[in-house]
> 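The structure under discussion is supplied below as structure tokens; questions concerning it will follow.
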Amino acid sequence: MKVFEINGNTLSLALFTDVTNSKELLESMQVGKLGPEVAFLNASLIPDVFPVLAAAHKTHIAKSRESLTTRTLHSELVYNYSGSKHITESLKRCGISDNSSYVLAARFNATRDEIKAVEKLINGKEIDLEELEGRADQARIQKHYKISGPELGVSTLADAITCRIAARDAL
């Protein structure tokens, strides 16, 4: 698990492959019995850590303004990563599903014990975050975020996603 600092808060990220218990994780999350609370993102839609950090920054801004769109800080992260204004669609598309085997786990301001607890929650193999770019489903990302070929001629996939995350509320 790698820790990033965002405006005085931390975001711990861990990337897992060959996950076998995503259905149980999803069910625990939906009934609010997941401990510790954590965001699970569909890692195939994430080409780099930077857009996740942008979504995390946006999440903390919403929290500081007491204007979260979703019920929890961690679901807000998934919502903000999606680039969509539709909550249910965002959580379904960018969160995990019953059969997700490639998952990015994210926890805000995690203690060492919470990090260990998150790692124990997931039945899968933790891999390095550097693997994100090579394993990203570029065609699906381009379709979801409506990224054109010419745009990728002047920008990276991660930058295009970050722009959409940042601009979503203005559109």
> Closest heavy-atom contact between Ile147 and Ala160?
CD1-CB, 3.7 Å

> State, with a plain yes or no, whether a side-chain heavy atom of Ile161 is found less than 4.5 Å away from one of Phe50.
no

> Mind checking whether Tyr145 and Ile87 sit in one hydrophobic cluster, side chains of I, L, V, M, F, W, Y counted as touching below 4.5 Å?
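Yes, because Tyr145 and Ile87 connect within a single hydrophobic cluster, where side-chain heavy atoms sit under 4.5 Å apart.
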
> If you measure from OG1 on Thr162 to CG on Leu157, what distance do you get to the nearest 0.5 Å?
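Nearest 0.5 Å value for the OG1-CG distance: 9.5 Å.
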
> Tell me, do Met1 and Glu126 make a side-chain contact under 4.5 Å, heavy atoms counted?
yes

> Asn109 side chain to Thr10 main-chain N or O, any donor-acceptor pair under 3.5 Å?
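Side chain of Asn109 to backbone of Thr10: a pair is present.
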
> Any chance you could measure Ser67, atom OG, to Glu76, atom CD, to the nearest 0.5 Å?
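Answer rounded to 0.5 Å: 7.5 Å.
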
> Salt bridge or not between Arg107 and Glu114? Use side-chain N to carboxylate O under 4.0 Å.
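Yes, charged N to carboxylate O under 4.0 Å.
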
> State plainly whether one hydrophobic cluster holds both Val78 and Leu132, where clusters connect Ile, Leu, Val, Met, Phe, Trp and Tyr through side-chain heavy atoms under 4.5 angstrom apart.
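In one cluster with Val78: Leu132, yes.
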
> Could Arg164 and Glu151 be called an ion pair, given the rule that one side-chain N must be under 4.0 Å from one carboxylate O?
yes

> Return the minimal non-hydrogen interatomic distance between Ala105 and Ile122, and the atom names on each side.
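So the two residues come closest at CB-CD1, 3.9 Å.
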
> Indicate if Ile127 and Val118 have the same hydrophobic cluster label, given that clusters are the connected sets of ILVMFWY residues with side-chain heavy-atom separations under 4.5 angstrom.
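Per the 4.5 Å side-chain linkage, Ile127 and Val118 are not co-clustered.
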
> Keeping the roles fixed (side chain from Asn123, backbone from Thr20), state whether a donor-acceptor pair exists under 3.5 Å.
no

> Quick one: CG on Leu104 to OG1 on Thr17, what's the gap to the nearest 0.5 Å?
12.0 Å

> Mark yes or no for whether Lys63, through its side chain, and Leu73, through its backbone, hold a donor-acceptor pair below 3.5 Å.
no

> Treat each ILVMFWY residue as a node, draw an edge where side-chain heavy atoms are under 4.5 Å apart, and state whether Leu41 and Leu53 are in one component.
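Yes, Leu41 connects to Leu53 through the hydrophobic network.
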
> Looking at Ser22 and Ser97, what are the two nearest heavy atoms and their distance?
OG-O, 3.3 Å

> Would you call the rings of His74 and Phe108 parallel, tilted or perpendicular, taking 30° and 60° as the class edges?
tilted

> Any non-hydrogen side-chain atom of Cys94 less than 4.5 Å from a side-chain atom of Asn42?
no

> Please find the pair of heavy atoms, one from Ser90 and one from His86, that lie closest to each other, and give the distance.
OG-O, 2.7 Å

> Could you measure the distance from the NZ atom of Lys58 to the CD1 atom of Ile165? Nearest 0.5 Å is fine.
7.5 Å

> Please examine the side chains of Asn99 and Lys23, heavy atoms only from C-beta on, and report whether any two atoms are closer than 4.5 Å.
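With C-beta onward as the side chain, the pair stays apart.
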
> Under the side-chain contact (heavy atoms from CB on, under 4.5 Å) rule, what do Leu11 and Val52 come out as? Steps first, then yes or no, please.
CA-CA 10 Å; Leu11 180 67; Val52 177; 4.2 Å; yes

> Measure across Ala14 and Phe16 and return the closest heavy-atom pair with its distance rounded to 0.1 Å.
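So the minimum-distance heavy-atom pair works out to CB-CE1, 3.5 Å.
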
> Do His57 side-chain atoms and Asn7 backbone N/O form a donor-acceptor pair below 3.5 Å?
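Absent.
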
> Within the structure provided, determine whether Leu45 and Arg93 are in side-chain contact (heavy-atom separation under 4.5 Å).
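Yes, close enough: below the 4.5 Å cut-off.
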
> Taking atom OH of Tyr79 and atom OG1 of Thr88, what is their separation to the nearest 0.5 Å?
10.5 Å

> Identify the two heavy atoms, one from Ala106 and one from Leu77, that lie closest to each other, and give their separation to 0.1 Å.
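Looking at all heavy atoms of both residues, the shortest contact is CB-CD2, 3.6 Å.
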
> Find the distance between CD1 (Ile115) and CZ (Arg112) and round it off to the nearest 0.5 Å.
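Reported value, rounded in 0.5 Å steps: 8.0 Å.
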
> Does Arg135 offer a backbone N or O that forms a donor-acceptor pair with the side chain of Tyr102 under 3.5 Å?
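Pair absent, no side-chain N/O of Tyr102 close to backbone of Arg135.
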
> Hey, any chance Val38 and Leu91 share a hydrophobic cluster, counting ILVMFWY side chains that come within less than 4.5 Å of each other, even indirectly?
no

> When you compare the side chain of Pro51 with that of Ile46, does any pair of heavy atoms fall below 4.5 Å?
no

> With a 4.5 Å cut-off on side-chain heavy atoms, are Asp48 and Glu133 touching?
no

> Is the shortest heavy-atom distance from the side chain of Leu129 to the side chain of Lys2 under 4.5 Å?
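Yes, at least one pair of side-chain atoms sits under 4.5 Å.
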
